[in-house]
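One-based numbering, in listed order, for ligands and for the atoms of each.
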Amino acid sequence: MEVKIRPGDALWYYSQLFRIPLNLIIDSNPNINPDALTAGQSIIIPGFTMQTIQVKQGDSLWKIAGARNISVDSLLLLNQDINPNQLTIGASVKVPKRIITKLVNGKRRYDYATLTRDIEALKAAYPFIKINHIGKSVLNKSIQEIRIGEGSKKVHFNGSFHANEWITTSVLMSYLNEYLLSLTNGTTIKGAKTLPFYQSIDLSIVPMVNPDGVDLVLNGPNESNREEVIGINEGSTDFTGWKANIRGVDLNNQYPANWEIEKERKKPKAPAPRDYPGDAPLTEPEAQAMAELAQKEKFQSVLAFHTQGKEFYWGYEGLEPPESKVLANEFARISGYEAIQYVDSHAGYKDWFIQEFRKPGFTMELGKGINPLPLSQFDEIYRDVLGIFLAALYM
Ligand SMILES: [Zn+2]
């Protein structure tokens with residue numbers, strides 16, 4: 001919600017007026033110097049939208065404020081052009097409205113267009129989040145990263161490395177929305193206040209690593225790539241088993257962590273709906289973008305969300321640091337998922353992350369069933385992993 005600064009106003013005053021933490025207001029207005037406000041400047045109050053109501057017989061700003069449990073001065077601030085002592089019946093009055101429900105509806109077929117719309121809606125309501133474009137998919141879709149928090153400890157989550165595991169994107173976006181609601185409204189998640197996380201953690205979320213693949217599974221092929229992808233799919237137009245990117249390379253088999261072993265033993269020797277590791281490590285733009293992001297940011301820990309199995313993997317070749325085990329025990333305790341240290345697999349993102357940085361990396365396998373998991377599992381998965389999201393921020 002945009003407001004125009006009045007002479008003598010200060011950001012700390014707006015923080016009290018709207019009961020929004022001051023640092024969220026400051027971070028929502030990066031171009032404003034909080035110590036040198038200029039009257040007439042516009043600033044954004046996060047976590048609010050503006051409503052317009054019509055003045056009725058007998059209305060006053062005091063009455064309107066009282067009925068909504070908001071301060072009169074918030075109405076005066078929003079309606080600087082009207083005379084509060086002379087309201088005319090039928091005139092429009094702007095009223096601030098606190099956002100208390102989720103903008104993201106995760107329980108739907110969550111394709112790239114839905115993701116992009118939701119990211120824009122969240123950015124408009126909560127401008128203290130930052131949106132970065134970390135690379136492009138084969139079909140030129142922007143791979144989007146959302147950053148939230150002003151801390152020094154960088155934690156990274158990602159989803160939909162695998163196309164038919166797109167429910168991980170909607171779970172991550174729903175979690176992000178819940179985190180934002182708790183920050184602006186001062187509410188808790190599982191009993192935990194979240195503002196301390198905002199102050200200590202810089203959270204990076206790439207909700208959809210493989211947008212072309214997700215759109216293929218959900219919407220079918222484009223006219224431009226139809227023949228090619230049906231060819232890779234062995235003539236079938238059923239793409240529910242598709243995990244790869246649009247060129248038939250499995251992005252989670254692309255990383256230089258004993259990639260040669262997977263290359264040798266994986267069945268597909270050419271592009272396929274799943275498991276083909278490519279002609280060399282990191283040939284695919286989506287896998288490259290994720291490697292470059294990790295190289296640049298030096299994350300403290302990473303969680304890659306996949307489906308399915310209600311289990312997670314936390315080691316790689318003995319290279320994981322001691323804190324991996326501490327985190328794994330905590331994740332298992334909270335979620336009831338099974339913690340598995342080693343599995344006979346290489347070339348995955350978390351394998352490479354552990355090998356490269358010797359920091360905790362996890363592959364989380366959400367839910368149970370046959371991929372793509374049905375949306376009827378959404379609530380159960382969300383319940384299971386909400387604690388994992390929080391525990392990852394405690395470290
Ligand atoms: Zn997967």
Side-chain angles (χ1 to χ4, degrees), residues 109-112 115 137 143 156-173 175 205-218 232-233 239-255 257-259 262 265-268 271-278 281-282 284 286-287 289-291 294 302-316 331 335 337-340 342-354 361-375 377-378 381-382 384-385 388:
R109 293 164 60 86
Y110 210 87
D111 62 7
Y112 181 72
L115 171 71
S137 69
I143 300 170
H156 170 78
F157 298 162
N158 64 59
S160 293
F161 250 96
H162 284 143
N164 66 356
E165 301 172 10
W166 54 264
I167 200 170
T168 55
T169 299
S170 65
V171 167
L172 277 170
M173 289 299 290
Y175 164 73
I205 303 176
V206 176
M208 193 181 284
V209 175
N210 182 8
D212 301 342
V214 169
D215 279 358
L216 176 66
V217 170
L218 288 174
I232 295 172
N233 208 30
F239 294 98
T240 52
W242 189 286
K243 294 171 75 178
N245 76 347
I246 201 74
R247 286 204 290 236
V249 177
D250 191 320
L251 298 174
N252 208 33
N253 272 306
Q254 266 270 289
Y255 288 86
N258 288 315
W259 176 87
E262 296 296 342
R265 70 180 177 182
K266 285 282 189 210
K267 274 211 187 84
R274 53 179 294 173
D275 297 334
Y276 177 60
L282 297 177
E284 301 309 295
E286 300 90 352
M290 294 303 288
V302 302
L303 278 71
F305 289 92
H306 290 250
T307 58
Q308 54 83 38
K310 291 200 172 194
E311 59 195 20
F312 61 88
Y313 305 104
W314 60 274
Y316 185 64
F331 291 162
S335 64
Y337 280 23
E338 190 187 351
I340 298 170
Y342 299 123
V343 63
D344 184 18
S345 176
H346 303 279
Y349 171 79
K350 83 108 173 59
D351 307 329
W352 168 80
F353 180 83
I354 291 172
F362 299 85
T363 299
M364 317 297 301
E365 299 284 3
L366 310 184
K368 204 141 200 171
I370 295 165
N371 290 331
L373 293 182
L375 276 171
Q377 282 206 22
F378 182 90
I381 290 175
Y382 192 74
D384 288 347
V385 296
I388 291 180

### Query
Does the Asp250 side chain pair with the main chain of Asp275, one donor and one acceptor, at a distance under 3.5 Å?
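A pair under 3.5 Å: yes.
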### Main-chain N/O of Pro207 paired with Thr169 side-chain donor or acceptor, under 3.5 Å
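Indeed, once roles are kept as given, a pair shorter than 3.5 Å links the two residues.
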#### Entry: Under the side chain to side chain donor-acceptor pair (under 3.5 Å) test, residues paired with Asp215 that sit two or more places apart
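Counting only residues at least two positions away or on another chain, Asp215 forms a side chain to side chain donor-acceptor pair (under 3.5 Å) with Lys141.
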### Task
Return the number of protein N, O or S atoms with a distance to the Zn ion (ligand 1) smaller than 2.8 Å.
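Those protein atoms number 4 in total.
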### Those residues that, when tested against Trp352, pass ring-ring contact (aromatic ring centres under 6.0 Å, His included) (two or more places apart)
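Trp352: ring-ring contact (aromatic ring centres under 6.0 Å, His included) contacts with Tyr255, Phe357.
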### Message
Can you list everything that forms a ring-ring contact (aromatic ring centres under 6.0 Å, His included) with Tyr313? Sequence neighbours excluded, please.
### Response
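For Tyr313 there are no ring-ring contact (aromatic ring centres under 6.0 Å, His included) partners, ignoring immediate neighbours.
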### Message
Distance check, rounded to the nearest 0.5 Å: Tyr175 atom OH versus Ile388 atom CD1?
### Response
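Interatomic distance, Tyr175 OH to Ile388 CD1, rounded to 0.5 Å: 11.5 Å.
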